[in-house]
Structure formats: structure tokens, C-alpha cells
Amino acid sequence: MIYNQGLLKSIQSYSEELQNLLDPRTEVHQRLVQRGMMLFREQNVYNVKFSHKKMVGNVRDVSTVAVELYFDEMERNTCSCPEAGICRHQLALFFAILSKAQNIFTWTQEWKAHWEVEDILSSLKRGSDLLQQPSPNPESGPSQWVKRIQQAYSNVPPQNIYQLQEWARTRYQRLLGLAPIEREWRPLFQLFAAFESLIMLDSIATNSEKMEEMSFFAEKMVEEAKEAIMTLSATASPFAFDEYLDYLRSNSIRLLETETAFDASFTLMYLLIWTSLFRKKHERAEEWNQLQNHSDLAQPRIQIGLIHLSILLEKDELALQRIKNYGANIAPYLLSCFEWLPKERISPLIPEFIRQIEQYVASLTLPHEKIHFTRTLYETMDEETLTKIDASLIERLYTTLLPYSRFRYNEYLLNKQDYRKWVALQVYMGDTIDFIDRATLDLVAKQDPVAIKPLYHAAVIEQIDLRNRDSYKKAVRYLKKLRTVYRKEKNLDQWEFYLSTLLKKTKRLRAFQEECRKGKLVHEE
């Protein structure tokens with residue numbers, strides 16, 4: 001805990017400024033906070049140092065980043081990731097510091113309470129109002145926009161590959177500065193810029209090292225497109241948008257056909273466009289027919305697109321059959337379904353989905369891949385969805401993803417009041433009593449005293465193995481608590497047997513034997 005009042009004041013000031021900047025009414029900011037929170041909770045923040053002026057640390061994500069935050073000058077904050085402005089890594093470091101001063105859950109509640117939810121109708125415009133807007137410049141049609149975007153990425157510098165991502169990010173930001181001045185056109189241009197920037201990635205990154213480096217930028221383009229589509233969806237589209245939307249509709253299939261090293265981002269961009277932008281049934285049916293008759297129907301991304309459109313068109317049985325045929329690698333893409341699919345239609349897919357997850361996770365070899373998948377899974381599968389799943393399936397999911405699902409599994413078992421399994425999880429994870437939240441420990445001890453015995457047994461052995469006087473005293477305190485538990489379950493014979501066996505094994509540890517006598521666990525001979 002932090003007791004320095006000056007430092008606490010600085011943390012509080014920074015916290016308030018952050019709550020003013022982040023708006024919980026926007027999905028982008030909600031996700032930003034969720035991701036920062038998850039990085040912190042999964043103990044991916046380390047090397048944390050702080051003073052009255054700033055806090056620094058490292059955050060382990062897809063790759064490790066260095067973060068520097070200034071209490072009084074937020075504009076000076078830096079992170080080595082490619083994100084502009086506040087990123088999930090900055091929030092993760094902030095939560096790591098804040099946790100030493102207050103409960104993180106309290107902060108999120110205060111943040112949400114800080115903003116009043118506005119009626120969404122206040123942000124809508126009448127179609128007649130939009131129709132009165134001036135028409136765009138004829139030279140700014142879809143082809144001109146595409147040409148402008150492609151030119152922005154010409155003359156790729158042959159510099160160090162680690163500078164390439166920053167170069168691409170800067171070019172993209174400059175592109176946004178060239179957007180039409182009319183406010184309603186800006187999100188459409190942003191969507192175009194993100195779409196075409198992603199398409200051009202393979203020509204920018206020409207070798208495997210550059211491909212890996214540019215994966216962050218590819219993910220960024222998907223997020224940019226999502227933000228733009230959300231804005232576009234909040235208002236009625238003027239007729240002048242039609243030729244631009246026609247271009248995106250007819251060219252979206254390039255995201256599935258293009259041979260690329262950025263499979264995941266290309267696929268997610270396609271799924272996003274057909275989930276959130278093109279919602280008319282006849283448009284989706286036309287696209288489904290096009291994919292169904294595609295010359296390369298066996299191509300994995302074509303299959304994913306077909307499965308996705310089948311679900312959108314409520315052809316669930318057909319989608320389920322294709323999911324089974326596709327195999328475990330479908331798992332990352334099925335996650336997107338949980339963001340928009342009605343809850344009642346998710347249930348039939350869950351058993352097959354969990355089976356695919358088990359196989360997919362088993363195929364992952366790198367820890368960061370499992371961490372990333374688990375984090376994405378829990379961002380998309382909310383608590384309401386989980387409560388509708390068969391309990392045995394939920395537990396299979398949690399155990400498959402251990403140790404990365406430990407926090408969610410921990411909460412699940414506590415809510416279910418399955419304290420025996422909760423204790424077993426702590427033992428499996430190697431969490432001793434000293435590292436378990438005291439309030440939770442007291443709750444379990446009160447509700448099911450017998451359940452907590454394994455934790456005390458493990459704690460006793462751990463303290464004895466430290467071989468010093470203080471640890472022996474601690475071991476005796478735990479032994480007394482154990483004796484109380486055995487007494488409550490009226491099983492003192494077993495307690496006497498356990499204690500006598502322990503004393504025999506430690507008879508050479510005179511200091512420990514002495515502490516046991518002082519603690520009146522044994523009588524003087």
C-alpha cells in the first residue's frame with residue numbers, strides 16, 4: 001500500500017484526468033479499459049517504478065513494451081507500442097499503480113458514474129437534413145480516394161524494419177488529415193483509408209521480418225475500420241454515399257482472396273464489414289451466393305466468410321456443419337460471432353465451439369498466443385452468455401485455458417460457491433495463503449472450513465522449508481488454525497496423527513520444535 005499523501009494526491013489527480021478523457025459510453029473506450037484491466041490482472045505489468053512526477057514500467061503483451069506516464073503532464077506519456085494517444089499498455093501500468101492505493105473495481109464504478117448516459121436519439125440526424133448537405137467534389141469519388149490512399153504509401157523507405165511501422169502509422173495519420181471537410185464524410189473516408197491501407201500491407205512489408213513487425217499496424221487498421229463503421233451506423237447515410245458503399249461491397253471479397261501474411265486481420269476486416277456495415281438481407285444473400293460459387297471454395301478464408309454469412313442469414317445448421325468440417329483453426333474467428341449474435345442462437349453453437357477451442361489451444365505452442373486468445377475470448381463472451389452454457393462445458397473451457405483463465409475461473413467457482421474446487425485451483429496455481437485476498441479467504445473459511453485445509457497444509461510445509469525462526473512462528477500460527485478446523489469437523493484423532501507425523505519428520509529442526517512447544521501445540525516432556 002502507498003501511504004505517502006503527496007503521491008496519493010498525484011495518483012488521484014491523474015485518475016480524475018483519465019476518467020475525464022475516457023468516455024464509457026463509447027465502445028472504443030470501453031474496450032481500451034477492459035484490455036488494460038486484463039493486462040494488469042494477468043500480471044503482465046512488471047519493473048514498475050514511480051515517484052511524485054512519473055511512473056514507468058514494462059508491459060508484456062504480444063511483444064513487451066516500455067511505458068512512461070507523467071502524473072501532471074499526461075501529454076508527455078509514452079509507450080513503445082504503435083498506438084497513438086492513450087493505449088491499453090498505459091492503462092495497465094496505471095492500474096498497477098492505482099491498485100496500491102485503492103480497489104480497481106471501485107475506480108471502474110466511479111468512471112461509469114462520472115458520465116451520464118445520453119439518449120442515443122440525440123446523436124441521430126433526419127435523413128432530410130443529410131440530403132440537404134452539399135454533394136462531394138466529383139474528383140473525390142471512390143477511385144480518387146483509392147488513388148490518394150495508394151499514393152500515400154508510395155516510396156517505402158528501405159530503412160530499419162523497426163522504423164517501418166512508425167512510418168506506416170504516420171502515413172495513415174496524414175491520410176486522415178486529407179479527409180473531406182464535411183463532418184459526415186469523415187468516417188467514410190476513415191473506413192476507406194483503413195480498408196485500402198490493409199490491402200496494401202503486403203506490398204509494404206516485403207519480407208518475413210517486416211511482416212511480423214507490421215502485424216500491429218494490421219490490427220490497428222481493423223480497429224480504425226470498426227470505429228468508423230460505428231460512427232456511420234449512428235446516422236442515416238445520404239444517397240451520395242452509395243457509390244462509395246458499392247465499391248466497398250464489391251471489393252470486400254479481396255480481403256478473402258488476397259494471398260497475405262496477415263490472414264487474421266484480413267479476415268476480421270471482412271467479417272466486420274458484413275456484420276456491421278452491410279445489413280440488408282438481399283446484399284448478404286448475393287455475397288453468400290458469390291462465395292458459394294467461388295472457384296477456390298476450399299480456400300480457408302473463403303470458408304470462414306461463407307460460415308459467417310450463413311450465420312448472418314440464419315442458416316445455422318449449414319454453418320454448424322461447415323464449422324465441424326473446417327477444424328480447430330476456426331476457433332479465433334468464431335469469437336467474433338459472440339459480439340453480435342443473439343444469445344438464443346449462440347447456445348446450439350457452444351458445444352462444438354468449445355470442442356474446437358480445446359483442440360485449437362492444444363495446437364498453440366507459444367505462451368503469448370494462448371494469452372492473446374484467452375484475452376480475446378473473455379472480451380467477447382460476456383457473463384450473461386456464460387450463465388446460459390451448461391456448467392460442465394464452462395468448466396471444460398476454463399480448465400482447457402489454464403493457467404490463463406485462472407482469474408475468470410476463480411470468480412466462477414466463488415460465485416458458484418464451489419469452495420472445494422476453488423481451493424484445488426489455488427493449490428494447482430501454487431497460490432499460498434499469503435497471496436490470497438484476506439476477505440476471500442475469510443469467506444471460504446466461514447462457508448466451508450474443511451475446504452480450506454489443503455491451503456493451510458501447504459502453507460505449513462512452505463514456511464517450515466524456509467528454515468528460519470520467523471517462518472517457524474508463522475507455521476505454528478497456521479497449525480493452530482488447522483487444529484481449529486479439525487476440531488470443528490470433530491476429527492481430532494486425524495489432527496493428532498497429522499501433527500505427530502509432522503513432528504517426527506521435523507525432529508532435527510530444534511527451533512521449529514521449540515516454537516511448537518511455545519505455541520502449546522505439544523506439551524513439555
Side-chain angles (χ1 to χ4, degrees), residues 1 40-46 96 99-100 103 395 398-399 401-525:
M1 293 295 292
F40 159 68
R41 283 182 171 172
E42 291 176 355
Q43 300 178 0
N44 286 314
V45 184
Y46 64 101
S99 67
K100 300 179 184 298
N103 185 290
E395 294 214 26
Y398 283 134
T399 53
L401 295 172
L402 282 173
Y404 312 109
S405 61
R406 59 181 296 188
F407 296 105
R408 291 288 288 265
Y409 193 22
N410 192 76
E411 292 177 11
Y412 168 79
L413 292 173
L414 287 174
N415 290 334
K416 191 182 174 185
Q417 297 183 350
D418 193 339
Y419 300 121
R420 306 291 173 99
K421 282 187 179 178
W422 178 84
V423 169
L425 177 63
Q426 312 313 308
V427 174
Y428 170 78
M429 296 305 305
D431 287 344
T432 59
I433 284 178
D434 290 337
F435 292 96
I436 298 174
D437 176 72
R438 176 54 58 183
T440 303
L441 197 62
D442 291 343
L443 171 67
V444 176
K446 180 180 179 181
Q447 297 295 327
D448 190 352
V450 177
I452 214 163
K453 282 199 302 185
L455 286 176
Y456 283 121
H457 281 296
V460 168
I461 298 303
E462 181 189 34
Q463 294 303 318
I464 291 174
D465 286 344
L466 292 176
R467 303 292 180 91
N468 63 70
R469 181 70 71 168
D470 287 340
S471 68
Y472 293 152
K473 290 178 179 178
K474 212 168 189 179
V476 169
R477 288 202 296 271
Y478 290 143
L479 283 167
K480 287 182 176 180
K481 289 182 180 291
L482 257 179
R483 183 175 60 186
T484 301
V485 173
Y486 277 103
R487 183 180 290 123
K488 284 182 178 179
E489 63 175 333
K490 298 179 180 179
N491 200 357
L492 284 175
D493 288 342
Q494 188 177 353
W495 158 253
E496 293 294 345
F497 176 77
Y498 163 72
L499 181 61
S500 63
T501 303
L502 179 66
L503 291 172
K504 286 178 183 178
K505 287 182 178 180
T506 58
K507 63 183 179 181
R508 295 182 182 276
L509 303 178
R510 295 181 180 178
F512 173 65
Q513 299 278 332
E514 182 182 339
E515 290 301 326
C516 287
R517 288 193 292 273
K518 287 182 179 179
K520 298 182 180 179
L521 288 173
V522 294
H523 299 291
E524 295 281 357
E525 295 181 0

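Residue numbers start at 1 and run along the sequence shown. As a basis for the values below, the full set of heavy atoms in this structure was taken, side chains included, without hydrogen atoms, waters or symmetry mates.
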query: Does a side-chain N-to-carboxylate-O contact under 4.0 Å join E514 and K518?
result: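 Salt bridge: yes.
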
Considering non-hydrogen atoms only, spot the tightest contact between [X] and [Y] and give its length.
X	Y	result
G519	K480	O-CE, 3.1 Å
A96	K100	O-CG, 3.8 Å
V476	C516	CG2-N, 4.0 Å

[X] atom [atom1], over 12 foreign heavy atoms within 6.0 Å:
X	atom1	answer
R483	CZ	yes
K416	NZ	yes
K481	NZ	no

task: Evaluate the criterion side-chain hydrogen bond (donor to acceptor under 3.5 Å, both in side chains) for residue pair Y472 and Q513; output intermediate values, then yes/no.
output: CA-CA 9 Å; Y472 293 152; Q513 299 278 332; over 6 Å; no

In Å and rounded to the nearest 0.5 Å, what is the [atom1] to [atom2] distance from [X] to [Y]?
X	Y	atom1	atom2	value
K474	E515	NZ	CD	14.0 Å
Q494	F497	CD	CZ	9.0 Å
I436	Q426	CD1	CD	4.5 Å
E42	S405	CD	OG	9.5 Å

Sequence neighbours excluded and cut-off under 3.5 Å, please list the side-chain donor-acceptor pairs for residues 457-464, or say none.
{"unit_1": "H457", "atom_1": "ND1", "unit_2": "Y498", "atom_2": "OH", "d": "3.4"}
{"unit_1": "H457", "atom_1": "NE2", "unit_2": "Y486", "atom_2": "OH", "d": "3.1"}

query: Can you check side-chain contact (heavy atoms from CB on, under 4.5 Å) on L499 and L482, steps first, answer last?
result: CA-CA 10 Å; L499 181 61; L482 257 179; over 6 Å; no

message: Run T440 and N410 through side-chain contact (heavy atoms from CB on, under 4.5 Å) and show every step you take.
response: CA-CA 11 Å; T440 303; N410 192 76; 5.6 Å; no

Donor-acceptor contacts under 3.5 Å from residues 441-449 side chains, at least two apart:
{"unit_1": "D448", "atom_1": "OD1", "unit_2": "R420", "atom_2": "NH2", "d": "3.3"}
{"unit_1": "D448", "atom_1": "OD1", "unit_2": "A451", "atom_2": "N", "d": "3.4"}
{"unit_1": "D448", "atom_1": "OD2", "unit_2": "R420", "atom_2": "NE", "d": "2.7"}

query: Run the side-chain contact (heavy atoms from CB on, under 4.5 Å) check on E489 and W495 step by step: do they pass?
result: CA-CA 11 Å; E489 63 175 333; W495 158 253; over 6 Å; no

